[in-house]
Undergrad: 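Just dropping this structure here.
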Amino acid sequence: MRLSQILFVTLRDDPAEAEIPSHKLLVRAGYIRRVGSGMYVYLPFMWRVLQKVSQIIRDEMNATGAQECLLTQLQPAELWQESGRWDTYTKAEGIMFALDDRQGRQLGLGPTHEEVITTVARDMIRSYRQLPVNLYQIQTKFRDEIRPRFGLMRGREFIMKDAYSFHTHADSLKQTYEAMHDAYCQILTRCGLEFRAVQADSGAIGGSGSQEFMVLAAAGEDEVLYTEDGQYAANVEKAVSLPPDAEVLKSFNQYEKLETPNTPTIASLSEFLGCAPSQIVKNVLYQVVYDNGMTVLVLISIRGDQDVNDTKLYNELTKVAADFEATTVIALDVPDVEAQQKWAAKPLPLGYINPGLEDDYIQPDLEHVSPKFLRMVDPTAVDLQQFVTGSNDPGFHVVGANWGAEFELPKLVVDVRTAIAGDRATHDPSQPLQTARGIEIGHIFQLGTKYSEQMGATFTDEDGKNKPLVMGCYGVGVSRLAQSAVEQSYDDNGIIWPVPIAPYHAIVVVPNINDADQMAVAETLYADLNAAGVETLLDDRKERAGVKFKDAELVGIPFRVVTGRSLKEGKVEVVKRASGESEEMAIADVVDTIKGWVDAALG
RNA sequence: CGAGGUGUGGCGCAGUCCGGUUAGCGCACCUGCUUUGGGAGCAGGGGGCCGCAGGUUCGAAUCCUGCCACCUCGACCA
C-alpha cells in the first residue's frame, strides 16, 4: 500500500484517556480509535494485525483437528436459564448485556458461548462414534465490564477465539486439553510473546482443571506466583504454598482475658501483647448472598499473619450452596456498618470478634438471612495452640486459648489463605514463590459434564447407555493478545512489532518525492518486495524525511528501506526497527536480504 | 456502587474562582513561498450548538439546579 492513498493519521500527543504504553501507542500510531467507553474501532493497520494473529491461531487450531465455525452473538435467555447462568451473568457478575426484543423475549449478547455450543451438540451429537470433536470460532464478544480500561485489554467489545470440545470420557478430554495447551504455547511463541502457563481458578465458567496463559508485562492485571525451577506457576487467586512457620514470641500458658485497649488490628494487638501475629487467630466476617436470595454470615478463622483469599472463599461458599438450597453465589462482601444493620441484633464487637461469636448477634426471624454463622477455619489457624483471639468484648482479648477447650473447632476446615511471594512452594519447600505481573490472554478449562448435564446434552455410548457429553473449553483474547504484544515490545520511538504479527513487514521511505531517482528506485523496490512476498508499504507522502522516519518508527514496521543520499553509490539504507541497526546495501541485494529476514522471523 | 476529577474545533490544553470586546494557544488541516535525512520556517486561511436541559441576569463558557458522558482510585473483573 501507498501511504499517500490510505487513511493514515498519527498523533503527536498521547491521548488523555490512555494510561499504559501499549494503549497510548496504538492510538497515537493510528491503529485504534475509541468511540465510547470500552469500545474501539480497529483501523486498517490494526485489522491486519488482528487477522495475522487470527491466522496463526487458526493454523494451530486446525493442526490439532479442531474445526472452525461461527456461533450467534444474540443468545436466547432460555439457554442461559437452562445452564443456570442467567442470574449469575446478569445479576451477580452482571457481565452480560441483556435486552428484550419487541416481542418481549429476553436475549443476551454473548459474553461466551458454552450454552449455544452445548445446544448445538445436544441437537447433533447422538453417538460415541461422532466423538471427540472440537469446534472453535473467532468472533466478537460482549461483556459489560464494570470498568473498561487499557484500550483493547479490557474492552466491552473484543475479539476472542473460543473452542469447545466434546468427549465420551475424561481421558479423551485430557488429551484434547493437553493438545490445546501445546497449541497455545505454539500460538504465543509464533506471535513472538514471552509468556507463562499458570494454574488458574475456573471462576464462573466452572469445571475442574484450568490453566491461564499469561503474557508477562508490568501492566498486567494479574499476579502470578511461580518457582525458579519451573515446576510451579499459578495465578495468585489459585496459588497454594506452605505458610511461614508460626512463631512464638511470648507464651501464654494460661487462658485469661486481658484488657487490650485500641487494638482492633493484628498489628496493634501483637505490638501491645508483644506476641507474634502468627500467635493470633484472626476472625473475619463475610456476608454472602446466594442466588435464591439467602444471605449467610460467614465467620472465618485464620492465622493472624495470613489473609483470606476471596476467590478461594467464593469457591468454598459455592460448594456449600446446597446447604442453603441455593446453587450459586451472587455476592460476597465484608459487610459495612450499613449492611450489618440489616441483620445484626446488637452491635458487633468489631476488631474483637472470636471464633465463638454467638449466633444471637443475628436477628433470629429474618426471612432471607440464615440465623446462624457459617463458621470456617483455615488450616493455619487449626494448628495453633495457646493462641490469642478476640473476646467478643470490645477492648479485651483472650490469650492462651485452645481449640477443643475454650473454642470449638469449626467443622469446615478449608484452605482460604492467600499465598504470597516468599512463601515456600508445596512441591519443594526450598523453592520460594516468586511474583510477576501477567496479562491473561488465554484460558483453557476442563469443564466436565457441568453444562451437558444441566442442559441435557447426551450421547449414546458403546454400551448403549445415554451419557452426558464431557466438555472442555479454550479461549484466547485475540485483540488483547495483539495489544499485549505491544506492551511487551516498544521503545521511546514507538511500537516494535514482532515480524509475524506486524501489519506490514517492510516500509520503503522516499525522503524526497520530488527526486525522480529516489522515487524510481523506491517504486521498483516496493514492487519487487511485494512480488517476493514481503508485505511492503511505500511512504510516498509529500512530507519531510523526518516526519516519515518518525511515523515508520511509531507504527513499528520491522524493516525500513530508505532511498536517500546513498543512492548515488547505487545503495539504499536498510534499518531494523527492533535494534536500530542500519546498513547501506546495494539495491540489487535488498529484496533477497529482507525476504531472508522475514522468512527467518516467520520460522 | 463509593470517592475524586474532567467535558471548550480532529488531538492536547488555557480561559470558569471574580459574568462584560470578536472564545484563545500548540498540534493537525487548507493555500502560497522558502526548506528538503529526524515530528521545518514565514505569511495567509478554514473549522466551535464552550456536554445537554432549564434557571438567574441588561448580558452566561463563566453563577444556580437537574441530567448525561468520559477519566482516575476503590469495590468488582470469563
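Residue numbers start from 1 in every chain, and the chains themselves are labelled A, B, ... in the order their sequence lines are given, proteins ahead of strands.
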Undergrad: B:G74 P sits how many Å from A:Ile146 CD1, rounded?
TA: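 Going from A:Ile146 (CD1) to B:G74 (P), I get 13 Å.
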Undergrad: Is the base of B:G38 touched by the side chain of A:Arg560 through a donor-acceptor pair closer than 3.5 angstrom?
TA: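 Donor-acceptor pair under 3.5 Å: yes.
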Undergrad: If you measure from the C1' atom in B:C33 to the same atom in B:U21, how many Å do you get, rounded?
TA: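 Pairwise C1' distance, B:C33 against B:U21, rounds to 35 Å.
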Undergrad: Taking atom types as they are modelled, is there a donor-acceptor pair under 3.5 Å from the base of B:U35 to the side chain of A:Arg544?
TA: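 It does, because a donor-acceptor pair links the side chain of A:Arg544 to the base of B:U35 below 3.5 Å.
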Undergrad: Of all the choices, B:G38, B:C70, B:C11, which nucleotide is nearest to the side chain of A:Phe549 once you look at every atom?
TA: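 Closest of the options to the side chain of A:Phe549: B:G38.
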Undergrad: In whole Å, what separates the C1' atom of B:G24 from that of B:U16?
TA: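 After rounding to an integer number of Å, I get 14 Å for this pair.
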Undergrad: Closest nucleotide of RNA chain B for A:Lys542 versus for A:Glu440: which of these residues is on the 5' side?
TA: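 Going by which nucleotide is closer to the 5' end, it is A:Lys542.
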Undergrad: Once rounded to the nearest 0.5 Å, what's the spacing between atom CE of A:Met180 and atom OG1 of A:Thr64?
TA: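 The distance works out to 3.5 Å.
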Undergrad: Does NZ or CZ of A:Arg85 come closer than 6.0 Å to the centre of the six-membered ring of A:Tyr89, within 45° of the ring's axis?
TA: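 Yes, cation above the ring, under 6.0 Å and within 45°.
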Undergrad: Strictly by Watson-Crick or wobble contacts shorter than 3.5 Å, is anything paired with B:G48, and which nucleotide is it?
TA: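 Per the H-bond distance test, none.
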Undergrad: Heavy-atom nearest nucleotide on RNA chain B for A:Glu553 versus A:Arg154: which residue maps closer to 5'?
TA: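 Mapping each residue to its closest nucleotide by heavy atoms, the 5'-most match is A:Glu553.
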Undergrad: So how far is it from A:Leu225 CG to A:Thr435 OG1, rounded to the nearest 0.5 Å?
TA: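 The CG atom of A:Leu225 sits 5.5 Å away from the OG1 atom of A:Thr435.
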Undergrad: Under a 3.5 Å cut-off for both contacts, is B:G24 paired Watson-Crick or G-U wobble with anything, and if yes, with which nucleotide?
TA: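 Matched B:G24 with B:C13 under the 3.5 Å cut-off.
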Undergrad: Expressed as a whole number of angstroms, how long is the span from A:Arg12:CZ to B:G38:C1'?
TA: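 About 12 Å, once rounded to whole Å.
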Undergrad: If you only use heavy atoms from C-beta on, which nucleotide in B:G26, B:C77, B:C71 is closest to the side chain of A:Asp13?
TA: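 Nearest to the side chain of A:Asp13 among the choices is B:G26.
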Undergrad: Looking only at the side chain of A:Glu19 (C-beta and beyond, no hydrogens), which of the listed nucleotides B:G10, B:C77, B:U72 gets closest?
TA: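 Taking heavy atoms from C-beta onward, the closest nucleotide is B:U72.
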Undergrad: Could you tell me how far B:G10 sits from B:G46 if I compare only their C1' atoms? Round to whole Å.
TA: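 The answer is 13 Å between these two C1' atoms.
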Undergrad: For the pair A:Glu115 and A:Arg122, find out whether any cationic side-chain nitrogen is under 4.0 Å from an anionic carboxylate oxygen.
TA: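 No, A:Glu115 and A:Arg122 are not salt-bridged.
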Undergrad: For nucleotides B:G47 and B:U31, find the distance between their P atoms and express it as a whole number of Å.
TA: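 To the nearest whole Å, 16 Å.
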Undergrad: Classify the side chain of A:Asn512 and the base of B:G37 as holding, or not holding, a donor-acceptor pair under 3.5 Å.
TA: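 Under the 3.5 Å cut-off, the side chain and the base do not form any donor-acceptor pair.
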Undergrad: If we call it a pair only when both distances are under 3.5 Å in a Watson-Crick or G-U wobble match, what pairs with B:G74?
TA: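 Here B:G74 is engaged in a pair, and the nucleotide opposite it is B:C1.
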Undergrad: With rounding to whole Å, what would you report as the distance between B:G44 and B:G51 at their C1' atoms?
TA: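 Comparing C1' positions in B:G44 and B:G51 gives a spacing of 33 Å.
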Undergrad: Can you tell me how far P of B:C27 sits from NZ of A:Lys550, to the nearest Å?
TA: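 It is 16 Å, rounded to the nearest whole Å.
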Undergrad: Out of B:G10, B:C13, B:C71, which nucleotide sits closest to the side chain of A:Glu17?
TA: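 Given the options B:G10, B:C13, B:C71, the side chain of A:Glu17 is closest to B:C71.
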Undergrad: Can you tell me, in whole Å, how much space there is between the C1' of B:G48 and that of B:A40?
TA: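 To the nearest whole Å, 29 Å.
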Undergrad: Write down the distance separating the P atoms in B:A43 and B:A28, rounded off to the nearest Å.
TA: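 My reading of the P atoms in B:A43 and B:A28 gives 16 Å.
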Undergrad: Students often get this wrong, so: under 4.0 angstrom with heavy atoms, is A:Val509 touching a base, only sugar-phosphate, or nothing?
TA: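 Contact class for A:Val509: none.
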Undergrad: What's the closest nucleotide to the side chain of A:Pro511 if the choices are B:G37, B:C77, B:C71?
TA: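 Side chain of A:Pro511 sits closest to B:G37.
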Undergrad: On a whole-Å scale, what distance lies between the C1' atoms belonging to B:G7 and B:G15?
TA: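 It comes out at 14 Å once rounded to the nearest Å.
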Undergrad: Searching all strands shown, indicate the nucleotide that pairs with B:U6 (Watson-Crick or G-U wobble; both distances under 3.5 Å).
TA: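 Across any shown strand, B:U6 pairs with B:A69.
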Undergrad: Any idea how A:Phe195 and A:Phe213 line up, ring-wise: parallel (<30°), tilted (30 to 60°), or perpendicular (>60°)?
TA: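 Tilted.
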Undergrad: Just the rounded figure in Å: distance from P of B:G38 to CG of A:Asn493.
TA: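 After rounding, the reported distance stands at 14 Å.
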Undergrad: Are any of the side-chain nitrogens in A:Glu68 or A:Arg58 under 4.0 Å away from the carboxylate oxygens of its partner?
TA: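 Yes, charged N to carboxylate O under 4.0 Å.
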Undergrad: Where the side chain of A:Arg565 is defined as all heavy atoms beyond and including C-beta, which of B:C11, B:G37, B:C70 is the nearest nucleotide?
TA: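 Per side-chain heavy atoms of A:Arg565, the pick is B:G37.
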Undergrad: What does B:G32 pair with, Watson-Crick or G-U, if both distances are under 3.5 Å?
TA: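 With both distances under 3.5 Å, B:G32 matches B:C42.
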Undergrad: Give the rounded distance in Å between these two atoms: CG of A:Asp517 and P of B:G37.
TA: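 It works out to 14 Å between those atoms.
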Undergrad: Nearest whole angstrom, please: distance from the C1' of B:C13 to the CG of A:Asp14.
TA: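 Result: 14 Å.
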Undergrad: Return the value, rounded to whole Å, for the distance between atom CG of A:Asp201 and atom C1' of B:C77.
TA: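 It works out to 12 Å between those atoms.
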Undergrad: Could you tell me which nucleotide pairs with B:A60 by Watson-Crick or G-U wobble geometry, both distances under 3.5 Å, or answer none if nothing does?
TA: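 Pairing partner: none.
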Undergrad: Compare side-chain N and O positions of A:Ser37 against OP1 and OP2 of B:C71 and report whether any pair is under 4.0 Å apart.
TA: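 Result: yes.
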Undergrad: Indicate, yes or no, whether a donor-acceptor pair under 3.5 Å links the base of B:G39 to the side chain of A:Arg28.
TA: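 It does, because a donor-acceptor pair links the side chain of A:Arg28 to the base of B:G39 below 3.5 Å.
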Undergrad: In whole angstroms, how far is the C1' atom of B:G38 from the CD atom of A:Glu573?
TA: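 Rounded to the whole Å, the gap is 11 Å.
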Undergrad: With a 3.5 Å cut-off and no angle check, do the side chains of A:Ser165 and A:Tyr474 form a donor-acceptor pair?
TA: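 Indeed, the side chains of A:Ser165 and A:Tyr474 share at least one donor-acceptor pair under 3.5 Å.
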Undergrad: Honestly, is A:Arg196 close enough over A:Tyr226, meaning NZ or CZ under 6.0 Å from the six-membered ring centre and within 45° of the axis?
TA: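 Checked: cation-pi criterion met.
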